[in-house]
Amino acid sequence: MKILVAVKRVIDHNVKIRVKADGSGVELANVKMAINPFDEIAVEEAVRLKEAGKATEVIVVSIGDIGYQETLRSAMAIGADRGILVQRSGELTLEPLDIARLLQQIVEREQPDLILLGKQAIDDDCNQIGQMLSALLDYPQATFASQVKLEGQSLQVTREIDGGLETLEMPLPAVITTDLRLNEPRYATLPNIMKAKKKTLDIIDITDMDFTPLGQIKTLSVSEPKKRAGQCTLLSSATELVSALQAKEVI
Ligand code: AMP
C-alpha cells in the first residue's frame, strides 16, 4: 500500500509578509520558507499509517523550483521514504488546475492507493487542488479530514463540518485533504534530518512532462490590507469603558 503526499513550500507562518513595491506579488528574496502546515500534517498522517503497518511506502511530491528540494528533505526527515520534484523555473506561473494536472500525471506513474494533500496552502488560500485532483482521477475524496481510519481496502474519514462531525466510508484509491486537528506533526530529530539527506529525491524537469500551462488566470495586483483606522486606547476600568462607549470614543 503506497501513499503519495503533495507538499507545497510556503513562507514560514511566523514571517511578516511584505508586498513587493511594484504590487506584482509578495517578497520572497531572503525570506524563511517552510512546508505548508496542512501538508506537514498530511506527511505525519502518512508516516503514522506506515508505522502502524497499514502502508509500505510514503512518497512526497512537489511541483516547484529548486528551493523545493529543501522542503522535500524536511518531509523525508518526518519519515517519508522518497521524494519527487517536478522542477519548474521560478518565472513560470502555474494555476491550481495546472498543479492538479501535473499531480495527476505523477499519480498515474506511481499508482498510489491513497493520496494526501493539505486542505489549503496558507499562501494563496485556494483550497482547490485536492478537489480538482480527485475529479481528474475520478477517485472518491474526503476533504478537511480530522480522523483517518484505514482497514484493508476500506477507508473511513471523519470530517469537521458546521455543527458536528461527518464520517464517510470509501474504497481505495482515494484522495484526502487534511484539517488542523488530524494530528500534531512531530519535530524531525537530527538523526532523521541526516538520514533524509540520503533518501532518493527524483527530479523531473517540467519540460519532460506532457504539459502546457493553461494560462487562464493572471494576477493583476497584490496589495496589503488597509491599515486600521482607529488606534488602540488603553482604559483603566470598566466604568471608563462604559463612558467612552457612550461618548463613542471607542469603536
Ligand atoms: P491549494 O488548493 O492551492 O490551497 O492547495 C491545496 C494543497 O495542494 C496543498 O496543501 C498541497 O498539499 C497541494 N499543493 C499545492 N501546491 C502544490 C505544489 N506546488 N506542489 C505540490 N503540492 C501542492
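Counting starts at 1 for both ligands and their atoms, in listed order. Just so it is clear, the values below take in all heavy atoms, side chains as well, and ignore hydrogens, waters and symmetry mates.
- Formation of a donor-acceptor pair under 3.5 Å by the K199 side chain with backbone atoms of R73 is not found in this model.
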Identify each donor-acceptor pair in which a side-chain atom of residues 135-146 lies under 3.5 Å from a protein atom, sequence neighbours left out, and give them as a table.
from: Q141; atom 1: NE2; to: S134; atom 2: OG; distance (Å): 3.2
from: T143; atom 1: OG1; to: R159; atom 2: NH2; distance (Å): 2.9
from: S146; atom 1: OG; to: T158; atom 2: O; distance (Å): 3.3

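- Residue pairs satisfying the side chain to side chain donor-acceptor pair (under 3.5 Å) criterion with at least one member in residues 209-226, sequence neighbours excluded, are listed as follows: E95-Q216.
- Side-chain atoms of E44 and N183 include no donor-acceptor pair closer than 3.5 Å.
- For the residue pair D205 / Q87, no side-chain donor-acceptor distance below 3.5 Å is found, with atom types taken as modelled.
- Using a 4.0 Å heavy-atom criterion, the residues that approach ligand 1 are A6, V7, K8, N36, D39, V61, S62, I63, Y68, I99, L117, G118, Q120, A121, D124, C126, N127, Q128, I129.
- Sorted by first and then second residue, the salt bridge (charged side-chain N to carboxylate O under 4.0 Å, His left out) pairs involving residues 6-25 (not counting sequence neighbours) are K8-D123, K8-D124, R9-E70, D12-K32.
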